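Down below is the structure, laid out as structure tokens.
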Amino acid sequence: MNKEFDIEEELKKLPKSPGVYLMHDAEDTIIYIGKAVNLFKRVHSYFRKTTKSEKIKRMVSQIAWFEYILTDSELEALVLENNLIKEHRPKYNTMLKDDKTYPYIKVTVNEPYPRIMFSRTMKKDKAKYFGPYTSSYGVRETIELINKIYRLRTCNRVLPRDRGKERPCLNYHMKQCSAPCLKDFTAEDDARYAESVRGALEFLNGQYEPVLRSLQERMDAASERLDFENAAVYRDLIEAVRSVSEKQKITAHDGEDRDVVALNRDREDAVVVIFFVREGRLIGRDHYVLSHVSADAEDAEVLNDFLGQFYTGTPFVPREIMLETDVPDREVIEKFLSDKRGSRVTILIPKIGQKERLVELAHRNAEIIMENSKERIKREEGRTIGAAKEIADWLGLGSANRMESYDISHISGFDSVGSMVVFEKGKAKRSDYRKFRLSAGIGNNDYESMREVLTRRFTHESKSEYDSFSRYPDLILMDGGKGQVNICLEVLNELKIDIPVAGMVKDDRHRTRGIYFNDREIPIDTHSEGFKLATRIQDEVHRFAIEYHRSLRSVSQVHSVLDDIPGIGPARRKALMRYFGDIEKIKAADVDELAAVEGMNSKAAKAVAEYLRAR
């Protein structure tokens, strides 16, 4: 927190310019991000004694200080606001819970011999893109079908440069590629390949009749030749093409690209449904769940926030966006989207006709999804937020919103590593996970290993106020009972840090049976959501530690501190480990004991003793 920050004084200094403002709480966490045409007026409005919603009142009561970023225009402020919201995810901003990327079909028309590929991004690389689509499986199926029909190449060879350098691939022998990589690929073959590419582009543009006619002719010809095997192949391809074409149930005759956006709300939950119409054909539908929606916010405000966040993150912008209701920043959003598309984008609110019916259809879909989601949302909250609250209640804590857990992994003291996992609101927050590679001299002493992990975690100097080390947890859950808890408490006491610490106590079958807290074991209901969450945390911290340790072993197999000692090779290392059992016993041995091991001599024994004692 900025202790020198005087809100009243800083309000007077605000410029009357467009920009973005960031509200911080006492822990320096960004709790709200907004944009303004006039920063002076907008930020002042939060601190005036006027009627505000309960959500805004709560937010304002938590503001410890604010900062702002000037922009040249309201449009720049809109773009910056949405980028910052996606980066920091403040709790008082309306948020998309899903951050999806859609698949595209990419045709590399910029290459001499074009390919049809799956892509998650649209680049300015002179290729032709189709989509976005909502089903990755459907896209891959379509690409496979097109390649079977038109026999286009799928390899990464640079043609014609690499022509004749290698044998053709299996696809050629399966008659699924015309093999332009062949040395004797002629000019006539080039023309046929170009014709196949044109046919594939027609197919992707929804012109299915030409390919259906061609396949029908081939099937009939094969039947006349009594070549029933090939006739069956063409029959199956015809059925596959018809299946693709019949999925386009809604078609507009104007051939436009448009998104149809509709909203349904239930207090602070909201669902937005988008229909994707490409070249007049409805190619898919998707929905987004919004969180942190103010109960007092108008539908238009919620849609306004959604449009900014959604189109900031999607590479494709259609020519039209159809809504149920107008939005406050309509002109600014249209300008932003037009600049992004490179041509005019219009936001429409249709009132009659086919377009209005399409918006109404999208709204009905949103209603159904919201109704179906209520029970699922309740169950999910029970598994996450409710479970975290249950753990807090068992321990008599006000909150267990953020929990951290740690684990150690090694093999006989070699390559010891530590792991840290973070759960927020009952969900794993993988972006805050951390790994620790531990000092070689510790060996297989789990308590000392844990001491090092905890000391490094709580003394680490954060490079950013937003990284995982800058925030302390509400509760530390140790993977073990009294011993592990006491080690953690010792470290925290030495560092004068006050954080509740509990341990997950296991039974004889290594299953969690209770929680050790404040010098006593608390029995817990093993069928409760809190127990299931504690078990998930326990399993996750194990998995993360083991995966990290495995990744190190895959690089250098089993590495010992002994490998770092001059004169100690693999044979002597193995002999020492067989004789003493672990690093700690080797460290405790004197020179004579070390020299007595098979393969060792006094010089090597002295080197081992001096090296280990120095560490």
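Worth saying up front: this structure is predicted, and the values here are computed from it rather than measured.
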Test side chain to side chain contact (heavy atoms under 4.5 Å, CB included) applied to V293 and D305, step by step: CA-CA 10 Å; V293 179; D305 290 345; over 6 Å; no
Evaluate the side-chain proximity of [Y] to [X]: yes if any heavy-atom separation is below 4.5 Å, no if none is.
X: V261; Y: V272; result: yes
X: L358; Y: V277; result: yes
X: P473; Y: I499; result: yes
X: V422; Y: R402; result: yes
X: S338; Y: R341; result: no
X: I274; Y: F310; result: yes
X: I515; Y: V505; result: no
X: L348; Y: R258; result: no

When rounded to the nearest 0.5 angstrom, what distance separates [atom1] in [X] from [atom2] in [Y]?
X: M403; Y: L397; atom1: CE; atom2: CG; answer: 10.0 Å
X: H363; Y: I368; atom1: NE2; atom2: CD1; answer: 10.5 Å
X: L11; Y: H44; atom1: CG; atom2: NE2; answer: 4.5 Å

Positive for salt bridge (Lys or Arg N to Asp or Glu O under 4.0 Å) with K355, one of E324, E320, E360: E320
Pair E521-R513, salt bridge (Lys or Arg N to Asp or Glu O under 4.0 Å): steps then yes or no: CA-CA 9 Å; E521 184 179 326; R513 72 168 187 234; 2.9 Å; yes
Treating [X] as the side-chain partner and [Y] as the backbone partner, does any N or O pair qualify as donor plus acceptor under 3.5 Å?
X: E390; Y: G530; result: yes
X: S419; Y: V541; result: yes
X: T29; Y: D25; result: no
X: H24; Y: I63; result: no
X: D407; Y: A545; result: no
X: S405; Y: L477; result: yes
X: R330; Y: I347; result: yes

Chi angles and distances behind the ring pair (Phe, Tyr, Trp, His ring centres under 6.0 Å) call for F436, Y406: CA-CA 10 Å; F436 303 86; Y406 316 91; 7.5 Å; no
So that I can tick it off, tell me whether [Y] and [X] are bridged by a salt bridge, with the cut-off set at under 4.0 angstrom between side-chain N and carboxylate O.
X: D539; Y: R543; value: no
X: E331; Y: K335; value: no
X: R471; Y: E424; value: yes
X: E8; Y: K12; value: no
X: E452; Y: R457; value: no
X: D299; Y: R265; value: yes

Derivation of the salt bridge (Lys or Arg N to Asp or Glu O under 4.0 Å) call for E494 and R451: CA-CA 11 Å; E494 288 168 10; R451 182 186 295 278; 3.6 Å; yes
Residue from L454, I476, D498 passing side chain to side chain contact (heavy atoms under 4.5 Å, CB included) with L492: I476
What is the minimum heavy-atom distance between [X] and [Y], and which atoms define it?
X: A502; Y: L395; answer: CB-CD1, 4.1 Å
X: K35; Y: L78; answer: CD-CA, 3.8 Å
X: S399; Y: A392; answer: C-CB, 4.0 Å
X: F316; Y: R278; answer: CE2-NE, 3.2 Å
X: T325; Y: A300; answer: CG2-CA, 4.2 Å
X: E81; Y: G34; answer: OE2-CA, 3.6 Å

Side-chain donor-acceptor pair under 3.5 Å between [X] and [Y], yes or no?
X: W65; Y: D28; value: yes
X: R58; Y: S61; value: no
X: Q538; Y: H542; value: no
X: N304; Y: D329; value: yes

So, for [X] and [Y], is the gap between ring centers shorter than 6.0 Å?
X: F40; Y: Y68; value: no
X: F130; Y: Y104; value: no
X: F66; Y: Y32; value: no

Working for side-chain hydrogen bond (donor to acceptor under 3.5 Å, both in side chains), residues Q62 and K57: CA-CA 9 Å; Q62 295 175 37; K57 286 178 183 175; over 6 Å; no
Derivation of the side chain to side chain contact (heavy atoms under 4.5 Å, CB included) call for M478 and M450: CA-CA 10 Å; M478 300 301 293; M450 186 59 71; 3.7 Å; yes
Derivation of the side chain to side chain contact (heavy atoms under 4.5 Å, CB included) call for V417 and I408: CA-CA 6 Å; V417 299; I408 305 298; over 6 Å; no
Cation-pi geometry met for R536 and F423 (6.0 Å, 45°): no
Atom CD of E490 with >12 non-hydrogen neighbours under 6.0 angstrom: yes
Full working for side-chain hydrogen bond (donor to acceptor under 3.5 Å, both in side chains) between E404 and Y472: CA-CA 9 Å; E404 290 183 10; Y472 286 171; over 6 Å; no
